[in-house]
Amino acid sequence: MVGHVEWVTFAKVARVPRAGEIVHAEEPFEEPAGGGAVAAVQLARLAGTCTLVTALGEDEHGRKAVARLEELGVEVKAAWRRTEPTRTAVTLLDGDGERTIVTLGPRLEPTGADKELEWAELAKMDGVYFTAGDLEALKEARAAKILVASPRAIDALGKGVALDGLVLSEDDALERAEAAEAGAEAKTTGAEAKTTGARAKTAGARARTGLVVRTEGAKGGVYETGTGETGRWRPAQVPGEAVDSYGCGDSFAAGLTYGLGAGMARRAALELAARCGAVCLTGRGPYEAQLSAADIADA
């Protein structure tokens, strides 16, 4: 996992306040979250271990994030920023289980210049999910067998590094725009790009994405492959009451990365990813309910 971490305060509200309104929040709690942290924990629960490559402020929030993520089974390799604080956020959960997020401060991202992150280790990985970092970091991540990214990693995408997968929410206008800007047309798989020598070497040309996945929440989602094949997958059954949507998309992306890295067929990997998102929906916050290796074995 290469990506970002935020220290998040979660709380329940009856509804998101209108402009100028004051509402009372209940049951507040804090967790390290953001796309990188949530996906890393989901990957650790599926694979037994996960290494998270990130950047954090050298502050209390950064230290607490590392300690908590290690409790959750994640090995954290962090580049510590002395002059930049760890990003924080507030997440409000309304009566329908929908989350609204306000981030505070700039997102900290790992870079290829952060040599303490031991980038060469990524070449040993079956799969890497990438949510934040610069172009050099993405090039390092490309050494893994499978590389899946979020369009939120816009600073690194669309600059000649081929992806095996790109995962975005069809309901998120920003992610759709970022995917389009990154040139997310599904034309060439990462494996094909490596075979032809085109990986990050195509002068002035954008490397294409092998599998573009667009999630549609309770409706499942659609995909397009590098050969132009399109299709849908059905939503997974939610195994309980829907509680909190925070982390569902990141858990989905982690499940897809795990499935592709484990050599699953595309359909099986998408079904696993959908189960990850559905299970996460039943827990309070991102970590109370996530799919585990034991759940897969019992299926």
Side-chain angles (χ1 to χ4, degrees), residues 1-5 34-44 46-47 49-56 69 74-79 107-168 178-179 182-184 186 188-202 206-213 226 250 252-263 269 273:
M1 178 69 231
V2 178
H4 62 291
V5 177
V38 175
V41 175
Q42 178 63 91
L43 282 165
L46 292 172
T49 183
C50 176
T51 299
L52 169 61
V53 180
T54 190
L56 292 165
L69 289 169
V74 176
E75 178 188 4
V76 181
K77 293 187 177 181
R107 185 173 76 171
L108 300 187
E109 303 185 354
T111 72
D114 295 316
K115 301 305 180 185
E116 68 271 31
L117 296 180
E118 301 177 350
W119 290 107
E121 292 297 304
L122 296 186
K124 303 175 183 178
M125 304 297 175
D126 291 321
V128 170
Y129 179 49
F130 191 100
T131 68
D134 66 357
L135 177 58
E136 293 306 312
L138 186 65
K139 289 179 180 179
E140 297 286 2
R142 180 59 276 178
K145 184 175 73 173
I146 292 293
L147 175 60
V148 178
S150 161
R152 297 291 178 136
I154 187 61
D155 292 341
L157 302 183
K159 299 176 182 177
V161 180
L163 303 175
D164 297 291
L166 185 76
V167 183
L168 62 145
E178 289 173 337
T188 305
T189 67
E192 290 168 344
K194 286 187 284 187
T195 301
T196 61
R199 182 184 121 205
K201 298 179 182 178
T202 307
R206 285 178 170 176
R208 303 303 185 181
T209 302
L211 180 67
V212 178
V213 174
D250 299 317
F252 176 100
L256 180 66
T257 303
Y258 173 84
L260 295 176

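As the structure is a prediction and not an experimental result, all values here were calculated from the model. Scope of the values below: all heavy atoms of this structure, side chains included, with no hydrogens, waters or symmetry mates.
With a 4.5 Å cut-off on side-chain heavy atoms, Glu75 and Thr51 count as touching. Looking at heavy atoms from C-beta onward, Met1 lies out of side-chain contact with Val74 at the 4.5 angstrom threshold. Side-chain contact between Leu163 and Phe130 is absent, with no heavy atoms from C-beta onward closer than 4.5 Å.
When all heavy atoms of Pro151 and Leu168 are compared, the pair lying nearest together is CG-CB, 3.7 Å. Of all the heavy atoms in Arg107 and Ala153, the pair that sits closest is NH2-CA, 4.3 Å. Taking both residues in full, the closest heavy atoms of Pro110 and Ala55 are given as N-CB, 3.8 Å, listed atom of the first, atom of the second, then distance. Nearest heavy-atom pair, Thr54 versus Gly3, reported as atom, atom and distance to 0.1 Å: OG1-O, 2.7 Å. Closest heavy-atom contact between His4 and Gly35: NE2-N, 3.2 Å. The nearest pair of heavy atoms linking Ala40 to Leu52 is CB-CB, 4.1 Å.
Checked options Leu157, Val148, Leu147; the residue passing with Leu166 is Leu157 (criterion: side-chain contact (heavy atoms from CB on, under 4.5 Å)). Considering Leu256, Val2, Thr257 as possible partners of Tyr129, the one that fulfils the side-chain contact (heavy atoms from CB on, under 4.5 Å) test is Thr257.
Atom CG of Asp155 and atom OG1 of Thr111 lie 12.0 Å apart (nearest 0.5 Å). Separating the CG atom in Leu135 from the CD atom in Glu140 is a distance of 10.5 Å, to the nearest 0.5 Å.
With hydrogens and angles disregarded, no donor-acceptor distance shorter than 3.5 Å links the side chain of Lys139 to the backbone of Val161. Remark: side-chain polar atoms of Trp119 are not paired, donor with acceptor, to backbone N or O of Ala113 under 3.5 angstrom. The backbone N or O of Gly112 lies less than 3.5 Å from a partner atom in the side chain of Asp134, making a donor-acceptor pair.
Every residue meeting the salt bridge (Lys or Arg N to Asp or Glu O under 4.0 Å) condition with Lys124, not counting sequence neighbours, appears here in chain and number order: Glu121. Not counting sequence neighbours, the partners of Ala37 by the side-chain contact (heavy atoms from CB on, under 4.5 Å) test are Val5, Leu69, Tyr287.
Between Asp164 and Arg142 there is a salt bridge, since a side-chain N of the basic residue sits under 4.0 Å from a carboxylate O of the acidic one.
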